[in-house]
Amino acid sequence: MEQDKLSQSKLDYNLLFVLFLMAIVSAIAIQSAEPSLPEKLQSVNFSLKQLQWYVIGAFVIAATLIIDYDRLFHLAWYLYGFGMLLLLGLELNVPGTVTLKGATSWYHIPGAGNFQPSELMKIFMIIVISRIIMNHREKYPEPTVKEDFQLLGKTLLATAPPLFLLIRQPDLGMSMVFMAIVASLVLVSGIRWRIILGIIFSGLSIAGILIFIFFQFPDFFHKYILKKDYQLDRFYGWLAPYEYSNDQGFQLIRSLLAIGSGEMYGKGFGNLDVYLPEAHTDFIFGIIAEQFGFIGASIVISLFFLLVYRMVHIALESHDLYGSYLCTGVIGMITFQVFQNIGMTIGLLPITGLPLPFISYGGSSLATYMLAIGIVLNVRSRTKKFMFSSEE
């Protein structure tokens, strides 16, 4: 029997083409949203700045491809420590921190604007949890129930410190993204399904108990569980937007009006009749739906489907478990943010302030997404394909 091995080290051009299309959609959507922005922001060409960030992101991808992703395995805890230092700096309000809308989540970088370290920490979490799972799988090829719980415990220990600091900021949206990353990696970690289902059931039970306490004993809930009312504002605005139309429910009502008024084909480029706050960032999907209707919104969702499909394909194609884990973490991160952003604009989920990946305006967030895509492309470019042939 003769074995021939063909190694192909190349980029996934299908994935890059989807990114190119998203850059075009993002520039068009942000450009059309600019007239509806507050007067103080209309002097800024956000669409041009977004394209500039895409160019920077292209260099980020190129730089990521230079280094073999295996190096990330060895640097995982150093990157994690660096990310924790950045988050601790926000907690301690070191010089340069920025507080917006009650959350201290940014550093101001002169000449570059605000930088959100939690965006970078998402990537570091993917890298370090993937390493934890990989080490555990190598040590315990056939783990027992006890060893499954050990892996779960190690994963939670690594997640708890940054998650605690994010809740302290407070940043509910980013905290949910971190939990989505952990959940996606736990699902492919090899932990027994009965343990995972038990965790899900426990979480739902706790949520049910909290909801019961909230409705039956509201004074106790506000005094001992959530002392600050603003933490519940977004839920009030989500569950009963028209009762709080001037405050918590204002954004959701405007978003629903914009999306609904677009109908099937939309009003056309630049025809915006509904005022949307944060139109170029959090509610960019509403801008797209109003101008291009159901058809345009469906095209955007289809682009995300193709993006995730290509990443799933790369994860399954990889012969290295660590590479597959890295891809899985990126898939979980992007998929959750897309679902959360679109879900909050149509009233399916509470408003959390998470941007729509690759479409919403944002420098640090876009650079982070491009870094994540760079890691996935790195895994793809170093995946070897094998061709076997036999001759008698």
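All values reported here derive from a predicted model rather than from experimental measurement.
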Working to the nearest 0.5 Å, report the span between CG of Leu92 and CG of Leu85.
-> 10.5 Å
With rounding to the nearest 0.5 Å, note down the distance linking CD in Glu34 to OG in Ser32.
-> 8.5 Å
Phe358 vs Phe304 aromatic rings, parallel, tilted or perpendicular, using cut-offs 30° and 60°?
-> tilted
Quick one: sort the Phe73 and Tyr322 rings into parallel, tilted or perpendicular, breaks at 30° and 60°.
->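 Aromatic pair Phe73/Tyr322 classed perpendicular.
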Under 4.5 Å between any side-chain heavy atoms of [X] and [Y], yes or no?
X: Gln31; Y: Asn45; value: yes
X: Val330; Y: Leu326; value: no
X: Leu79; Y: Val128; value: no
X: Phe292; Y: Val25; value: no
X: Ile359; Y: Asn341; value: no
X: Val177; Y: Gln340; value: no
X: Gln116; Y: Met174; value: yes
X: Arg131; Y: Tyr325; value: no

Pick one: which of Phe283, Tyr54, Phe46, Trp53 meets ring-ring contact (aromatic ring centres under 6.0 Å, His included) with Tyr361?
-> Phe46
Any chance the side chains of [X] and [Y] put a donor and an acceptor closer than 3.5 Å?
X: Ser105; Y: Gln169; value: yes
X: Gln251; Y: Asp282; value: no
X: Lys122; Y: Gln337; value: yes
X: Ser26; Y: Gln50; value: yes

Please find the pair of heavy atoms, one from [X] and one from [Y], that lie closest to each other, and give the distance.
X: Tyr80; Y: Ala158; value: OH-O, 2.6 Å
X: Leu166; Y: Ser175; value: CB-OG, 3.5 Å
X: Asp12; Y: Leu15; value: OD1-N, 3.0 Å

Applying the 4.5 Å side-chain criterion to the ILVMFWY set and letting contacts propagate, would Phe20 and Val338 be lumped into a single cluster?
->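 Yes; tracing contacts between hydrophobic side chains, which count when under 4.5 Å, links both residues.
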Single-linkage hydrophobic cluster Met176~Leu204, side-chain heavy atoms < 4.5 angstrom = yes
Heavy-atom donor-acceptor pair, [X] side chain to [Y] backbone, under 3.5 Å:
X: Ser364; Y: Phe115; answer: no
X: Arg380; Y: Met311; answer: no
X: Arg254; Y: Leu276; answer: no
X: Glu147; Y: Tyr140; answer: no
X: Asp148; Y: Pro143; answer: no

